[in-house]
*Asks:* 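Below you will find the structure I want to go over with you.
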Amino acid sequence: MSPSIDGRPPKLPFVVLVLSAGTFLMGTTEFVIAGLLPEIADDLQVSVSRAGLLITAFAAGMIVGAPTMAIATLRLPRRSTLILALAVFSLGHLVAALSSSFALVLAARVVTALATGTFWCVGALVATTAAGPAATSRALGMLMGGLTVATVAGVPLGAWLGQLSGWRGPFWVLAALSAGAAAVIGRYIPADERREAPSVRAEFAALREVRVWLTLSAMTLLLGGVLATYTYVSPLLTERAGIPGGAVPLVLTGYGLGALLGTTVGGRLGDRHPLATLVISAGTTTLVLLLLTFVSTNPVAAVVLVTLMGMTCFAATPVLGALALRFSASAPTLVSGLSGSAPNVGIALGSWTAGVALTSPLGQTGPPLVGTVAAALTLVPLTALALMRATRPSEAPSA
């Protein structure tokens, strides 16, 4: 993609927007379940804590499934893989909506997570290929935008629909929308151009690159720290900041809007100044979380800081994804899959650590303190990347 005549960045290809719509559906299904747990538990006759396994199972499916499915579908045409992923995604929701067995719903969630991981890793490659090397971060920012719009709009709408129609209602809607998305993907995603047959050996060889692991580590630490804080932000807002419970969804909407702005700005800046964007993002996120730990007794400050937390953290996500693909050279598929796993590893570990901190004498300040430490540690791999960049030339972005 070449620069526009007036010097402004050119528009991203339409296929990137189509893929972003797909990530919107994936993000909605991952997080909407949290607002439906009591209804699911009551209908399937299990405890709420047991119903919470539906969230854990999805995260586990993403962690294991994204890289596994990246290799399993390596030799399939990318357009066919995306259509197949959406078809399985739709089928998983149909099975869950029709089932009265908790075990079957749990299994459907795992299958859905596998489809989500497949769509993400292949969709990222298709989007960055279509956008070109000069707009890799912007393309990934658009895909991330689909996820953040899901938190702002898809999840609240899904929870609202679940309250009106029962928890199965959102599952029926997601099944129908993903089936429609599969048809759109088939219409607008171009067929693969002739390219060298992908090699499983080359994909694993790409993991020898230290910079790939440094980038994945930064993803795990930064997103793990912020989302660990986000997981327990409700008690922080209500019990420490004194914000009414009914106002918490509005604060979380601010977080989602901040994240959407962050991915947009980070995607634009990251193509030109990737390491500077990352260091500023990690540094400001650390500061925001530290301030949230100590000044969150002020409700206005708490609201502002939660919004900034989403913006500063998510400014880094498209840049980290773009660097991971760049450092993987000519074998990016497995690394793309691991890029989907890394944030979920961070979420799992961070949420567990934050939960322990919440029950400690630290109380509501425990989760943001955990997040502060994780965000600060992100500067370690980023510093290493900066030093390696000074002595080793980067490969051109590849997809």
Side-chain angles (χ1 to χ4, degrees), residues 12 14 16-37 39-40 54-55 58 62 86 89-90 93 96-97 109 112-113 115-116 119-120 123 127 138-182 184-185 223 226-227 230-231 233-234 237 243 245-267 303-304 306-315 317-318 343 347:
L12 290 172
F14 180 67
V16 180
L17 181 61
V18 172
L19 292 167
S20 180
T23 61
F24 168 80
L25 296 177
M26 306 292 172
T28 299
T29 201
E30 180 171 6
F31 299 115
V32 74
I33 203 79
L36 303 173
L37 284 182
E39 290 78 12
I40 293 174
L54 297 173
I55 299 174
F58 195 96
M62 281 290 292
L86 284 167
F89 184 87
S90 178
H93 284 82
R109 285 287 287 175
T112 302
T116 299
F119 186 91
W120 169 254
R138 285 180 60 211
L140 290 177
M142 177 68 80
L143 259 64
M144 293 284 183
L147 296 177
T148 53
V149 171
T151 65
V152 174
V155 171
L157 285 174
W160 174 76
L161 178 61
Q163 297 297 324
L164 291 180
S165 63
W167 69 268
R168 299 174 194 273
F171 280 70
W172 284 110
V173 171
L174 285 165
L177 290 177
S178 53
V184 174
I185 290 286
L223 288 168
V226 167
L227 291 174
Y230 179 79
T231 299
V233 76
S234 290
L237 293 173
I243 294 173
V248 170
L250 293 176
V251 181
L252 299 185
T253 299
Y255 168 87
L257 292 173
L260 181 59
L261 178 61
T263 56
T264 302
V265 174
V303 171
V304 171
V306 168
T307 301
L308 288 175
M309 179 177 71
M311 183 175 67
T312 57
C313 169
F314 281 86
T317 52
I347 293 169

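Because only heavy atoms are used, hydrogens play no part in the values below, and waters and symmetry mates are left out as well, while side chains stay in.
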*Asks:* Under the salt bridge (charged side-chain N to carboxylate O under 4.0 Å, His left out) rule, what pairs show up with a residue in residues 249-264, not counting sequence neighbours?
*Replies:* none
*Asks:* Tell me the closest heavy-atom pair linking Leu143 and Ala127, and the distance in Å.
*Replies:* CD1-CB, 3.7 Å
*Asks:* With sequence neighbours left out, write down each residue that passes ring pair (Phe, Tyr, Trp, His ring centres under 6.0 Å) with Phe89, or none if nothing qualifies.
*Replies:* His93
*Asks:* Assess whether side chain to side chain contact (heavy atoms under 4.5 Å, CB included) is satisfied between Phe314 and Leu260, documenting all intermediate values.
*Replies:* CA-CA 8 Å; Phe314 281 86; Leu260 181 59; over 6 Å; no
*Asks:* Among all residues two or more places apart in sequence or in another chain, which pass the side-chain contact (heavy atoms from CB on, under 4.5 Å) test with Val18?
*Replies:* Phe14, Val184, Ile185, Tyr188
*Asks:* What closest approach, in Å, do Ala139 and Val16 show between heavy atoms, and which atom pair accounts for it?
*Replies:* O-CG1, 3.8 Å
*Asks:* Under the side-chain hydrogen bond (donor to acceptor under 3.5 Å, both in side chains) rule, what pairs show up with a residue in residues 254-263, not counting sequence neighbours?
*Replies:* none
*Asks:* Check Arg109 against Glu30 and note the closest heavy-atom contact, atom names and distance.
*Replies:* NH2-O, 3.6 Å
*Asks:* Report the C-alpha separation of Thr29 and Leu25 in whole Å, then their side-chain angles, then the decisive distance to 0.1 Å, and conclude whether the side chain to side chain contact (heavy atoms under 4.5 Å, CB included) test is met.
*Replies:* CA-CA 6 Å; Thr29 201; Leu25 296 177; over 6 Å; no
*Asks:* Under the ring pair (Phe, Tyr, Trp, His ring centres under 6.0 Å) rule, collect the residues that match up with Trp120, sequence neighbours excluded.
*Replies:* none
*Asks:* Applying salt bridge (charged side-chain N to carboxylate O under 4.0 Å, His left out) as the test, list every pair that has at least one member in residues 143-170; sequence neighbours left out.
*Replies:* Asp43-Arg168
*Asks:* Taking side-chain hydrogen bond (donor to acceptor under 3.5 Å, both in side chains) as the test, write out the residues that go with Thr28, two or more places apart.
*Replies:* none
*Asks:* When rounded to the nearest 0.5 angstrom, what distance separates CH2 in Trp160 from OG in Ser165?
*Replies:* 9.0 Å
*Asks:* Please step through side chain to side chain contact (heavy atoms under 4.5 Å, CB included) for the pair Leu257 and Leu261, ending with a clear verdict.
*Replies:* CA-CA 6 Å; Leu257 292 173; Leu261 178 61; over 6 Å; no
*Asks:* For the residue pair Pro318 and Gly267, what are the closest heavy atoms and their distance?
*Replies:* CG-N, 3.7 Å
*Asks:* Could you tell me whether the side chain of Ser20 and the main chain of Met142 form a donor-acceptor pair under 3.5 Å?
*Replies:* yes
*Asks:* Do Leu17 and Leu12 touch side chain to side chain, with heavy atoms closer than 4.5 Å?
*Replies:* no
*Asks:* Please name all residues satisfying side-chain contact (heavy atoms from CB on, under 4.5 Å) with Ile40, sequence neighbours left out, ordered by chain then number.
*Replies:* Ile33, Leu36, Leu44, Leu54, Trp167
*Asks:* With sequence neighbours left out, what residues match Thr264 under side-chain contact (heavy atoms from CB on, under 4.5 Å)?
*Replies:* Arg268
*Asks:* Can you name the closest pair of heavy atoms from Ser90 and Ala179 and give their distance?
*Replies:* OG-CB, 3.9 Å
*Asks:* Checking Met62 now: which residues fulfil side-chain contact (heavy atoms from CB on, under 4.5 Å) with it, not counting sequence neighbours?
*Replies:* Phe58, Ala113, Thr116, Asn344
